[in-house]
Amino acid sequence: RDIGVTGVQTCALPISGLHELDRDGLLRVRAAGLNEPDQGVPDSTLNDTDVLIWWGHARHDEVSDELAARVAERVRKGLDLVNLTGFENKFPWQLSGGMQQRASIARALSFDPELLLMDEPFGALDPMTRMNMQDLLLLLWREIEATIIFVTHDQEEALSIADEIFLFRDGRVIQKGAPRFIYERPETRYAAEFLGRANILSDFVRRYDHQLGMRFEFSDGSSFSADGSSGGTAGHLLCIRPERWRVVDYGSKNSLAGTVVSSCFIGDRFEYRIDTVAGVQLVTEMAATERAIGTKIGLVVSPSDIRVLDR
């Protein structure tokens, strides 16, 4: 019956039901704008990404040797790409979560897609498997030379695998670019806090010095300079990444005085929370000696590592 689709140039319609195929292999579909076909669809007209699907069996009991060989080659290539060679006869419940995910990727790649959409593909995996899958995905991307749109809410995952990031807020793109560029040069507070961790400072007085340029003074007398490339002159917030702070002796010139209020050892680094007049600052030190809670320290930062943001 007429399904009333008008005014579109391209439309995908599911057709469901039981219908006996004609002797020439045609399933006859009558619809406005469709010419009556005069022959079946020969295999030579299909490319690698055209797929004909029907759930019944073919008229003949045997699958052609050519088709079987083609399918076998696709299976071999797909399993080899995701390092699952030797597991082709396993059931899903016999595979780990990471192996099941790799099998899903192999299935998607079997169609040789030019564009692959992956929506939170590693969300249910444990951290180690997740890291392995991220590494595998980068290898696959270089191998298949396809465009991959990767949707994730995990900031570290976005930074580690993307060559370009589109950062959305309220349905619109607020910043796009290479991961490192957005991380080091966020244009808004939202971008700074979404990608990685950021210290946002607001309790300061902004002054301009003809020799030193823009300076930001805090209530304890400490002050920082920001170079001209660090952000717009209309900015009233400072963004400093935890790893950009440098710990110096308490009382050092122009340092922001603070006290260690928490300390966390994470393998290759220590992460501290430092209480200052500008608020509690998150500070990361690589391969450093642990600083005890209550220790008084000073914090300094290079002008080029300060990002000035609009409120």
Side-chain angles (χ1 to χ4, degrees), residues 5 7-14 46-53 70-71 73-85 87 92 95-198 241 307:
V5 177
V8 294
Q9 293 180 325
T10 304
C11 186
L13 299 177
L46 301 177
N47 61 34
D48 287 344
T49 57
D50 289 328
V51 183
L52 297 179
I53 302 175
R70 185 174 179 179
V71 171
E73 174 60 20
R74 282 187 175 274
V75 171
R76 184 203 64 76
K77 181 180 178 181
L79 293 176
D80 185 57
L81 277 173
V82 297
N83 297 324
L84 281 180
T85 301
F87 293 89
L95 304 177
S96 67
M99 295 170 77
Q100 291 181 36
Q101 201 73 311
R102 280 187 276 160
S104 297
I105 294 175
R107 184 170 62 243
L109 294 177
S110 67
F111 300 104
D112 292 334
E114 295 182 0
L115 176 66
L116 187 61
L117 172 63
M118 306 183 75
D119 188 2
E120 299 275 8
F122 309 144
L125 303 179
D126 63 84
M128 184 58 68
T129 303
R130 190 183 186 108
M131 290 178 59
N132 291 336
M133 289 301 299
Q134 291 168 4
D135 292 341
L136 175 64
L137 181 61
L138 288 175
L139 293 174
L140 285 176
W141 175 63
R142 298 184 181 99
E143 178 74 21
I144 65 177
E145 297 182 346
T147 297
I148 298 177
I149 298 177
F150 193 95
V151 182
T152 181
H153 288 85
D154 186 294
Q155 296 96 326
E156 290 189 4
E157 189 168 62
L159 289 170
S160 65
I161 69 174
D163 60 341
E164 186 171 21
I165 290 177
F166 289 74
L167 184 57
F168 284 78
R169 187 181 189 187
D170 297 330
R172 66 184 184 90
V173 177
I174 62 171
Q175 191 172 355
K176 64 179 181 179
R180 183 173 181 178
F181 179 82
I182 297 180
Y183 180 81
E184 294 183 347
R185 304 186 64 79
E187 296 176 357
T188 63
R189 178 172 185 167
Y190 179 83
E193 294 181 325
F194 186 83
L195 280 184
R197 291 175 296 178
R241 296 294 185 184
R307 184 69 179 166

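All figures in this text were calculated on a predicted structure; none of them were measured in a lab.
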Closest non-hydrogen atom pair, Met133 against Gly98: SD-O, 3.8 Å

Crowding at CE, Met118 (>12 non-hydrogen neighbours, <6.0 Å): yes

Donor-acceptor pair, Arg241 side chain versus Arg197 backbone, under 3.5 Å? yes

Find the distance between CZ (Phe194) and NE2 (His153) and round it off to the nearest 0.5 Å. 6.5 Å

Could you list the donor-acceptor pairs under 3.5 angstrom formed by side chains in residues 162-172, with sequence neighbours left out?
none

What are the two closest non-hydrogen atoms of Arg185 and Arg307, and how far apart are they? NH2-NH1, 3.0 Å

Under 6.0 Å from the CD atom of Glu120, do we count more than 12 heavy atoms belonging to anything else shown? yes

Applying ring-ring contact (aromatic ring centres under 6.0 Å, His included), name anything that partners Tyr183, two or more places apart in sequence or on another chain. none

Determine the minimum heavy-atom distance between Gln134 and Ser160, stating which atoms define it. OE1-OG, 3.6 Å

In Å, rounded to the nearest 0.5 Å, how long is the span from CG of Leu195 to CD of Glu156? 11.0 Å

For the residue pair Ala108 and Pro113, what are the closest heavy atoms and their distance? O-CD, 3.7 Å

Applying side-chain hydrogen bond (donor to acceptor under 3.5 Å, both in side chains), can you list everything that pairs with Glu187, at least two apart in sequence or on another chain? none

Find out whether Glu157 and Phe150 are in side-chain contact, i.e. whether some heavy atom of one side chain is under 4.5 Å from a heavy atom of the other. yes

Side-chain donor/acceptor of Gln100 to backbone N/O of Leu95, under 3.5 Å: yes

If you measure from CG on Leu159 to CZ on Arg180, what distance do you get to the nearest 0.5 Å? 12.0 Å

Side chain to side chain contact (heavy atoms under 4.5 Å, CB included) with Leu137: of Asn132, Leu116, Ile161, only one passes, and it is Ile161

So which atom in Phe87 and which in Met99 form the shortest heavy-atom distance, rounded to 0.1 Å? CE2-CE, 3.2 Å

Closest contact, heavy atoms only, Thr152 versus Ala158: CG2-CB, 4.0 Å

